[in-house]
Amino acid sequence: MPPIVTPRNFLIFTSGLGIYATSVYATYHVYRVYKLPSPPSTIQQPRFQSTHPGVFDALAAEYDAKIGWDETLMRLGARRRDLIALARGDVLEVSAGTGRNLDRYVANPAVSCLTLSDVSEPMLTGAYERYVKMAQVAAKHGAGLPRTEFKIMDVERLVAVPDATYDTVVDTFGLCSCGDPVVALREMARCCKPDGKVLLLEHGRSHYGFLNDALDKTAGEHARAWGCWWNRDIEALVSEAGLEVVEMERYHFGTTLFMVARPKTK
């Protein structure tokens, strides 16, 4: 007589199979990274990193679907929520992409006006389409959205924005794709009021050398696929740009940085 398959036995079997498959997959990738040749020592420095701006135009239509699961596993939605909850007044978000923070602004009544900007028109079009859907839902429930504008702008050249315009400047996972992140940070600080905040959620180098080695070895491949250099020293770049760090937390072995900064007083 064949054994009876109970729900409990089935759950144990499938869970064990999942753990085994995950272990094999992880072991394969660890071995693959270990066997990769060591990159040049300059691999983490932005001036030696080529940019891939066309990648975002190509990814725009599928971007949310491609990164959604990763963000869920890493609980980045909660980090975005906590960061945007600190925004106040007239807000500029740079490198806004497809508008993945939009619903967090809606939940923050302290935001009176919002400007989303990005250098990629297809990505920003995705943000606008997201906003339109949200506005339709809000209208059905009698809710309001902050007055929102969409502007195609390069974060390294915010020439259309006068000095000290915004109460809050936000960037989430944008410094990894800038050609010169120090210039980008200085532009954010220039556009921010002296008593305002620059809110950053970024990924970069770890606390741990072995993880930095893996990031460095795979950085070029990842940048070509995603337009993102994930091995930059974000804390050092913020310091070089001259911003004053008010609060900082790090997650995921130090690779995710949650930072509240402000323009340094002269």
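All values derive from a computational prediction rather than experimental measurement. Quick note: numbers below take in every heavy atom, side chains included, and nothing from hydrogens, waters or symmetry partners.
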Is there a side-chain contact between [X] and [Y] in this structure, where contact means two heavy atoms from C-beta onward sitting under 4.5 Å apart?
X	Y	value
Leu257	Glu235	yes
Glu149	Leu116	no
Leu175	Ile234	yes
Leu83	Val170	yes
Asp103	Arg80	no
Pro194	Pro263	no
Val260	Leu199	yes
Pro122	Phe56	no

Is there a path of hydrophobic side-chain contacts, each under 4.5 Å between heavy atoms of I/L/V/M/F/W/Y residues, joining [Y] to [X]?
X	Y	value
Tyr166	Met188	yes
Met153	Met123	no
Val245	Val182	yes
Val198	Val183	no
Met259	Val91	no

Heavy-atom donor-acceptor pair, [X] side chain to [Y] backbone, under 3.5 Å:
X	Y	value
Ser239	Leu237	no
Trp229	Gly204	no
Arg190	Leu158	yes
Thr72	Gly68	yes
Arg100	Ala96	no
Asp171	Glu93	no
Asn212	Ser206	yes
Glu156	Gly179	yes
Ser112	Gly89	yes
Thr165	Val161	no

Looking at [X] and [Y], what are the two nearest heavy atoms and their distance?
X	Y	value
Ala87	Ala110	O-CB, 3.9 Å
Val155	Cys178	CG1-SG, 3.7 Å
Ala127	Gly97	CB-O, 3.5 Å
Asn231	Ile43	ND2-O, 3.3 Å
Pro39	Asp216	CG-O, 3.7 Å
His252	Leu76	CE1-CD2, 3.8 Å

Centroid-centroid distance, Trp230 to His222, less than 6.0 Å
yes
Ring centres of Phe173 and His203 under 6.0 Å apart?
yes
Cation-pi, Phe258 ring and Arg250 (6.0 angstrom, 45 degrees):
no
Val238 vs Leu185, side-chain contact (heavy atoms from CB on, under 4.5 Å): CA-CA, chis, key distance, verdict:
CA-CA 7 Å; Val238 170; Leu185 284 161; 4.0 Å; yes
Evaluation steps, side-chain contact (heavy atoms from CB on, under 4.5 Å), between Val106 and Met134:
CA-CA 9 Å; Val106 173; Met134 289 175 57; 3.3 Å; yes
Using distance alone, with no hydrogens and no angle criterion, decide if [X] and [Y] have a side-chain donor and acceptor under 3.5 Å apart.
X	Y	value
Arg232	Gln49	yes
Asp64	Thr98	yes
Thr172	Asn101	yes
Tyr251	Glu249	yes

Salt-bridge contact Asp233-Arg205 (side-chain N to carboxylate O under 4.0 Å):
no
Glu244/Arg262 ion pair, N-O < 4.0 Å:
yes
After noting the C-alpha distance and the side-chain angles of Ser117 and Ile152, does the key distance pass the side-chain contact (heavy atoms from CB on, under 4.5 Å) rule?
CA-CA 5 Å; Ser117 67; Ile152 298 175; over 6 Å; no
Give, for atom [atom1] of [X] and atom [atom2] of [Y], the distance between the pair rounded to the nearest 0.5 Å.
X	Y	atom1	atom2	answer
Leu114	Leu92	CG	CG	8.5 Å
Asp82	Leu201	CG	CG	9.5 Å
Arg81	Arg75	CZ	CZ	7.0 Å
Cys192	Asp90	SG	CG	10.5 Å

Lys193, Lys197, Arg88 screened by side chain to side chain donor-acceptor pair (under 3.5 Å) with Asp167, the one that passes
Lys193
For a side-chain contact (heavy atoms from CB on, under 4.5 Å) check, start with the C-alpha distance between Cys176 and Glu202, then their side-chain angles and the critical distance, and finish with the verdict.
CA-CA 8 Å; Cys176 58; Glu202 310 289 346; 5.7 Å; no
Any chance [atom1] of [X] has more than 12 other-residue heavy atoms, nucleotides or ligands included, within less than 6.0 Å?
X	atom1	answer
Gln45	CD	yes
Phe150	CZ	yes
Phe48	CZ	yes

Verdict with supporting geometry, Asp118 and Ser95, side chain to side chain donor-acceptor pair (under 3.5 Å)
CA-CA 4 Å; Asp118 199 286; Ser95 304; 5.1 Å; no
